[in-house]
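Below you'll find the structure, written out as structure tokens, and then a few comments.
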Amino acid sequence: LFREVVRSTLVARIEAAEQEAGTIPGTAAEQLERFMREWWTFLKLKTSGAIYRLVIGELHRFPDLAEFYAKEVVQRALTLLSGFVRRGVDSGEFRRVDPLTTARIMSSMFISHALWCSKREVFRNLTIGSDDQIIADLLDFIQHSLRPTTPPTATQAAARTAQQSQ
């Protein structure tokens, strides 16, 4: 039952995002923001919150389900997210970071905030502001943390221009 629920919700959303990833227009930052906004909306669904709470609280008791979840959800989601980051690094739009580590950190921030927001009555001090304000704060943090410390090279600037025109 757990596998089917995960496949019909989380895996289905990841598959759709994987198919869309190559077709999203704009810069790497714009693509990343669009993906993160869509993911935030998905994370805020009651079904998503219930699954994440189950994963956090119970999955350690079922090693085969934990392995399934790690492979089908965590690994695929981080690969997808790190692809957006890698494109930004390659184009010079983002500073040099390890894309997988960055994806892992961004993922944990979004999941934690979504879980806190799903139980605002418990996490009053952590969920000040509307969902729109929280996603804006998260995106602002990500954008500033990825901002390059030096201007892009001519090659990177040309790559960014080509990417924007697609």
Write out all pairs satisfying side-chain hydrogen bond (donor to acceptor under 3.5 Å, both in side chains) with one or both partners inside residues 65-74, taking only residues at least two apart or from two chains.
-> E72-R76

Backbone of [Y] reached by a side-chain donor or acceptor of [X] within 3.5 Å:
X: S48; Y: K44; value: no
X: S82; Y: A103; value: no
X: S112; Y: M109; value: no
X: Q75; Y: A70; value: no
X: R95; Y: S145; value: yes

Which residues share a salt bridge (Lys or Arg N to Asp or Glu O under 4.0 Å) with [X], sequence neighbours left out:
X: R37; result: E33
X: E4; result: R7
X: K119; result: none
X: R53; result: none

Contacts of R61 that satisfy side chain to side chain donor-acceptor pair (under 3.5 Å) - sequence neighbours left out = E58

Can you see which heavy atom on F35 is nearest to which on L80, and at what distance?
-> CE1-CD2, 3.4 Å

